[in-house]
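Report on the following structure.
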Amino acid sequence: MIADRNSLQRRLDAATARLETPIAAVDLTAFDDNAAQIAARAGGKPVRVASKSVRCRTLIERVLAKPGWHGVMAYTLREAVWLVRQGVTDDVLVAYPTVDRTAIAELTADPALASAITIMVDHPTHLDVVDRVTPPGGRPDVRICIELDSSWKPGPLHVGVRRSPVHSAAQAAALARRLVARPGFKLVGMMSYEAQIAGVGDAPPRQPLRGQAIRLMQSRSYAELVRRRGEAVAAVRAVLVAETAKDLEFVNGGGTGSVAATSADPVVTEVTAGSGLYGPALFDAYRNWRPTPAAFFALSVVRRPAPDIATVLGGGWIASGPADRTRLPQPYLPEGLRFKPDEGAGEVQTPLLGDAAATLRPGDRVWFRHAKAGELCEHVNELQLIDGETAAPAPTYRGEGHAFLG
């Protein structure tokens, strides 16, 4: 591992030597290997790339060109419209409900967009928003997908994230009946994201008991979800066939942390993954599969306030989620660096401790890994795509002038 890290640092430094920090880079060898491993873990089912975890059009196009990958899961409708107009894909599932009136107007005004994009709903009011922008009649049918809540609810507990209010097969069928009765819409899919399985590492460092508890929770939650998802999909299909004589086009599930398990569910027709392409630090806590770290950012050492401290400029690239240490970036290269506990990753400067800190001088670089995947791209206008010891710039969403959640 040390030799591998030393080799990686030499390649990153050599490829970006002419550039000023901060620098964000993606090692294409690791990226491509991660893509191949994810596709293999999907067991032959198509993998839809989660664009929120990539946020770089060049890399989305790169992975879509690989075997086993098909379609995009976007995080906003405006992003989906842009991806289709740019020719990236003709198959986009928007992962979250939309109330973006401007984007809805674009979607319904263009039959090509309407045939390529599917929006998410979990209540009829989402359809009301669309109808207020463009009443049914002269517009193309809007493709819609029901989100089934994947959280586990043993007794009074709620394990997982708060997403869709549609939890049971009866609720899914009731919603499906209301949706298919609405003119101007076409129910084509179902989706469920098991965050408590896909998004929770089952081997947290130095916490063996917590890891055991997480694995127990995940095994029981998975068994419950497979049963309930199967019932819900069957119920929605029965409504759809009875009312329209058509079937669902797809049933989507999973994330990087559950690709193998989710693809094993017989009712799931496709899985979603994205974070595993970059291999961010949060995935170091996963036992079954850990992607190879592929995405990094570099900051420069600018001062030595003490013999055992090296301070870099910037560094406070904190990930979203609960405000704890797992959301901090990870000093990665050179090996053996850590944050000063009372300062952490700072807005303008970040002091670093550890054996390697004593060897660093102003002008040297420290390479970090972001805790989450695509959020790295919100800090830079371009990624340096590293191939051997050469680098080629690729604009991020931000670099192309887009902040789809901003």
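Just so you know, these numbers use all the heavy atoms, side chains as well, and skip hydrogens, waters and symmetry mates. What you are looking at is a predicted structure, and each value in this text was computed from that prediction instead of being measured.
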Which residues pass the ring pair (Phe, Tyr, Trp, His ring centres under 6.0 Å) test with W152, sequence neighbours left out? none

D141 with R182: basic N within carboxylate O range, under 4.0 Å: no

From R229, R162, R163, residue fulfilling salt bridge (charged side-chain N to carboxylate O under 4.0 Å, His left out) relative to E147: R163

Where the side chain of S151 meets the backbone of G160, is there a donor-acceptor pair that is under 3.5 Å apart? no

Gap separating the OG1 atom of T29 from the CZ atom of R11, nearest 0.5 angstrom: 5.5 Å

Is the closest side-chain heavy-atom distance between R57 and P395 below 4.5 Å? no

Measure from the side-chain N and O atoms of T108 to the backbone N and O of I104, and report whether any donor-acceptor pair falls under 3.5 Å. yes

Ion pair present between E231 and R227, side-chain N to carboxylate O less than 4.0 angstrom? yes

How far apart are the closest heavy atoms of P205 and A285, and which atoms are they? CD-CB, 4.2 Å

Return yes if some donor-acceptor pair links the side-chain N/O of R304 with the main-chain N/O of L360 below 3.5 Å, else return no. yes

Ignoring hydrogens, what is the shortest heavy-atom contact between P334 and A356? Give both atom names and the distance. CG-CB, 4.0 Å

Do R325 and F339 form a cation-pi contact, if we require the NZ or CZ to be under 6.0 Å from the six-membered ring centre and within 45 degrees of the ring's axis? no

Taking it one step at a time, do Q384 and T16 satisfy side-chain hydrogen bond (donor to acceptor under 3.5 Å, both in side chains)? CA-CA 8 Å; Q384 298 299 322; T16 62; over 6 Å; no

Quick check for you: to the nearest 0.5 Å, what is the distance between H167 atom NE2 and S150 atom OG? 9.0 Å

N/O donor-acceptor pair under 3.5 Å between K45 side chain and V268 backbone: yes

So, does S258 use its side chain to make a donor-acceptor pair with the main chain of A261 at under 3.5 Å? no

Which pair of non-hydrogen atoms, one from T350 and one from G314, has the smallest distance, and what is that distance? OG1-O, 2.7 Å

Min side-chain heavy-atom separation L383-C377 under 4.5 Å: yes

What's the shortest heavy-atom distance between A391 and A15, and which atoms? CB-O, 3.4 Å

Quick check on R290: does its CZ atom have over 12 non-hydrogen neighbours (other residues, nucleotides or ligands) under 6.0 Å away? yes

On the six-membered ring of Y332, is R369 placed so that its NZ or CZ lies under 6.0 angstrom from the centre and within 45° of the ring axis? yes

Polar side-chain atom of D90 near backbone of A116 as donor-acceptor pair, under 3.5 Å: no

Given side-chain hydrogen bond (donor to acceptor under 3.5 Å, both in side chains), test T98 with D100 step by step and report yes or no. CA-CA 6 Å; T98 184; D100 185 329; 5.3 Å; no

Side chain Y278, main chain V54, donor-acceptor under 3.5 Å: yes

Atom pair CG (L59) and CZ (F31), whose distance is rounded to the nearest 0.5 Å: 4.5 Å

Tell me, do V88 and W82 make a side-chain contact under 4.5 Å, heavy atoms counted? no

With distance as the sole test, does Q218 use its side chain to make a donor-acceptor pair with the main-chain N or O of Q196 at under 3.5 Å? yes

Is it true that, when you exclude R78 itself, more than 12 heavy atoms of the residues, nucleotides or ligands shown sit nearer than 6.0 Å to its CZ? no

Between the side chain of T262 and the main-chain N/O of V259, is any donor-acceptor distance below 3.5 Å? no

Excluding sequence neighbours, so at least two apart, what forms ring pair (Phe, Tyr, Trp, His ring centres under 6.0 Å) with W317? F297, H379

Are any non-hydrogen side-chain atoms of D110 and V84 less than 4.5 angstrom apart? no

Please evaluate residues E378 and R55 with respect to the criterion side chain to side chain contact (heavy atoms under 4.5 Å, CB included), reporting the C-alpha separation (whole Å), side-chain torsions for both, the decisive distance (0.1 Å), and the verdict. CA-CA 8 Å; E378 297 301 332; R55 305 192 200 196; 2.8 Å; yes

Determine whether K186 and E249 make a side-chain contact, defined as any pair of heavy atoms from C-beta on separated by less than 4.5 Å. yes

Before giving the answer on side chain to side chain contact (heavy atoms under 4.5 Å, CB included), spell out for F185 and L179 the whole-Å C-alpha distance, their side-chain angles and the decisive distance to 0.1 Å. CA-CA 8 Å; F185 297 94; L179 298 181; over 6 Å; no

For a 4.5 angstrom cut-off between non-hydrogen side-chain atoms, does L93 reach V72? no

Can you tell me how far the OG1 atom of T272 sits from the CD1 atom of I38, to the nearest 0.5 Å? 11.0 Å

Interatomic distance, H70 atom NE2 to T89 atom OG1 [nearest 0.5 angstrom]: 6.0 Å

When you look at I146 and Q171, which way does the side chain to side chain contact (heavy atoms under 4.5 Å, CB included) test go after all the steps? CA-CA 11 Å; I146 292 175; Q171 289 173 320; over 6 Å; no

Non-hydrogen atoms of A371 and L328 that approach each other most closely: CB-O, 3.7 Å

For V380 and T396 the tightest heavy-atom approach is O-OG1, 2.8 Å

Inter-residue atom distance L157.CG - M217.CE, 0.5 Å rounding: 11.5 Å

Please say which of T118, L240, I144, D247 ends up in a side-chain contact (heavy atoms from CB on, under 4.5 Å) with V188. T118

Look at the side chain of T269 and the backbone N and O of V251, then say whether any donor-acceptor pair between them is shorter than 3.5 Å. yes

Tell me if the CZ atom of R287 is crowded by more than 12 foreign heavy atoms within 6.0 Å. yes

Any side-chain heavy-atom pair of P165 and D122 under 4.5 Å: yes

R48/D91 ion pair, N-O < 4.0 Å: yes

Just do the side chain to side chain contact (heavy atoms under 4.5 Å, CB included) check on L8 and F296 with the steps written out, would you? CA-CA 11 Å; L8 174 62; F296 313 91; 3.6 Å; yes

Quick one, I318 and P329 - any side-chain contact, counting heavy atoms below 4.5 Å? yes

Looking at N381, I want to see if its CG is surrounded by more than 12 non-hydrogen atoms of other residues, nucleotides or ligands under 6.0 Å. yes

Does R139 pair with D131 as a salt bridge, N-O distance under 4.0 Å? yes

